[in-house]
Amino acid sequence: MFTNAGTSSFTTFLSKVAPEMLPGRRPLPPGMAADMAPHATTIVAIAAAGGVVMAGDRRATMGNLIAQRDIEKVHPADAYSLVGIAGTAGIGIELMRLFQVELEHYEKIEGAMLSLDGKANRLASMIRGNLGAAMQGLAVVPLFAGFDLAASDPARAGRIFSFDVTGGPYEETGYDAIGSGSLFAKSALKKRFRAGLSIDDATRLAVEALYDAADDDTATGGPDLTRRIYPVVMTATADGTHRLTDAETATIAEGVVSGRMENPGG
């Protein structure tokens, strides 16, 4: 089996060789388990001219406690796409890593990269496989975005996909947010988003949206100037994926905080 995969889908291969390693195949005790594991929030994504920006706060909570202050929820899925996780942190991180392997496996077997729509559909099927655990409170709902290499207009190549807990994929227009702070983040984006934003402007807007989410949602962490913990901000453009350095993110976050000192409402 290991010398002849026989399928371009790593998830399908794993379901034959070691199905117990898939998140959705593990037996769970009866009852709700939502409060037993840390939860991750909040992720925002913004389509910009020439690509897409995705940012996530760093807080994970377990009930009314802060479980971790510096969790990373935004990661590259492959060379041209990004994935952010909200929900049960442990399962979300595992699902994200499995998705990374899924895309790499396909590319090695087929010798070509999946289309952006194909990547979204693969992620949707993986979310669907976790439905049993989701019904017991261990839900994961990711946000997927990337640069579409097949787009006719590079300026509009940044695309965003959201999902529901059953794996349904939905393409979003312009921007989207997930997690407990998504209501407040999307409200901020709704007033400030403009089509054709530059990558730099979209990056600033993403950090401001996370700030607004943290202002009203206790599960979302704002910029921590004391510990120097700032949001994870990544971009996907024709040049590939890129994560802003801590120094770059700090400059943006400190600028947002300074501006809110003068105008708290933004």
Side-chain angles (χ1 to χ4, degrees), residues 38 40-61 66-86 89 92-93 96-97 100 142-147 157-158 160 175-179 181 184-185 188-189 192-194 196-215 217 219-264 266:
T41 58
T42 298
I43 310 295
V44 300
I46 303 172
V52 68
V53 174
M54 184 178 290
D57 79 303
R58 306 291 296 276
R59 177 176 293 176
T61 58
I66 297 176
Q68 189 172 348
R69 300 181 187 276
D70 59 353
I71 188 173
E72 297 189 1
K73 312 170 191 177
V74 178
H75 301 268
D78 66 358
Y80 294 97
S81 60
L82 307 167
V83 61
I85 57 169
I93 292 172
M96 176 272 301
R97 289 175 178 167
Q100 291 173 326
L143 188 61
F144 177 68
F147 182 87
I160 303 168
Y175 61 87
D176 195 37
I178 59 171
F184 310 108
L189 293 172
R192 295 169 176 243
F193 174 79
R194 297 291 183 273
L197 286 171
S198 68
I199 291 291
D200 290 341
D201 289 341
T203 299
R204 166 83 182 209
L205 181 56
V207 175
E208 289 198 9
L210 289 175
Y211 184 100
D212 286 331
D215 200 32
D217 175 43
T220 303
D224 191 333
L225 304 186
T226 303
R227 298 181 179 86
R228 301 193 65 78
I229 299 174
Y230 305 103
V232 173
V233 183
M234 296 195 69
T235 63
T237 65
D239 297 323
T241 60
H242 169 70
R243 174 173 171 166
L244 272 65
T245 65
D246 290 341
E248 291 173 325
T249 309
T251 300
I252 297 170
E254 289 170 2
V256 170
V257 173
S258 177
R260 295 303 176 91
M261 292 290 286
E262 299 177 4
N263 182 13

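Just so it is clear, the values below take in all heavy atoms, side chains as well, and ignore hydrogens, waters and symmetry mates.
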| query | Can you tell if the side chain of M234 reaches within under 4.5 Å of the side chain of V53, non-hydrogen atoms only? | reply | no
| query | Can you name the residues that form a ring-ring contact (aromatic ring centres under 6.0 Å, His included) with F184, not counting sequence neighbours? | reply | none
| remark: Applying ring-ring contact (aromatic ring centres under 6.0 Å, His included) to Y211 and not counting sequence neighbours gives none
| remark: From the list D201, L189, V52, side chain to side chain contact (heavy atoms under 4.5 Å, CB included) with I46 holds only for L189
| message | For the OG1 atom of T241 and the CE atom of M54, what is their distance to the nearest 0.5 Å? | response | 11.5 Å
| task | Over all heavy atoms of both residues, which pair between P142 and I178 is shortest? Give the atoms and the distance, please. | result | C-CD1, 3.6 Å
| request: Return yes if a side-chain donor-acceptor contact under 3.5 Å exists between T203 and D200, otherwise no. | output: no
| Under the side chain to side chain contact (heavy atoms under 4.5 Å, CB included) criterion, do L244 and T235 qualify, and how do the steps go? | CA-CA 8 Å; L244 272 65; T235 63; 4.3 Å; yes
| task | Could you pull out all residues at least two apart from Y175 that satisfy ring-ring contact (aromatic ring centres under 6.0 Å, His included)? | result | F193
| Between I43 and I85, does a side chain to side chain contact (heavy atoms under 4.5 Å, CB included) hold up when you go through it step by step? | CA-CA 7 Å; I43 310 295; I85 57 169; 5.9 Å; no
| message | My understanding is that only residues two or more places apart in sequence, or in another chain, count here; which of them pass salt bridge (charged side-chain N to carboxylate O under 4.0 Å, His left out) with R97? | response | none
| Atom CG of D212 and atom CG of L205: how far apart are they, to the nearest 0.5 Å? | 9.5 Å
| field | Minimum heavy-atom distance between A185 and A177, given as atom pair plus value | value | CB-CB, 4.0 Å
Identify every side-chain donor-acceptor pair in residues 76-84 under 3.5 Å, counting partners at least two apart or on other chains, and give the distances.
from, atom 1, to, atom 2, distance (Å)
D78, OD1, Y80, N, 3.1
D78, OD1, S81, N, 3.0
D78, OD1, S81, OG, 2.5
D78, OD1, K119, NZ, 3.4
D78, OD2, K119, NZ, 2.7

| request: Return the minimal non-hydrogen interatomic distance between V44 and A209, and the atom names on each side. | output: CG1-CB, 4.4 Å
| said: Looking at R59 and D217, is any side-chain nitrogen of the basic one under 4.0 Å from a carboxylate oxygen of the acidic one? | reply: no
| Taking E262 for the side chain and G259 for the main chain, is one N or O donor matched with an acceptor at less than 3.5 Å? | no
| Which atom names give the shortest non-hydrogen contact between Y230 and P223, and what distance separates them? | CD2-CB, 4.2 Å
| request: Determine the minimum heavy-atom distance between G181 and T42, stating which atoms define it. | output: N-OG1, 3.1 Å
| field | D70 atom CG: more than 12 heavy-atom contacts under 6.0 Å | value | yes
| Residue pairs, two or more places apart or on separate chains, that pass salt bridge (charged side-chain N to carboxylate O under 4.0 Å, His left out) and touch residues 232-245 | E72-R243
| query | Stepwise, does the side chain to side chain contact (heavy atoms under 4.5 Å, CB included) test hold for I252 with V233? | reply | CA-CA 10 Å; I252 297 170; V233 183; over 6 Å; no
| Heavy atoms, side chains only, cut-off 4.5 Å: are Q100 and H75 in contact? | yes
| said: Once rounded to the nearest 0.5 Å, what's the spacing between atom CZ of R204 and atom OG1 of T251? | reply: 11.0 Å
| Do any N or O atoms from the side chain of R58 and from the backbone of I71 form a donor-acceptor pair under 3.5 angstrom? | yes
| Looking at I229 and R69, what are the two nearest heavy atoms and their distance? | CG2-O, 3.6 Å
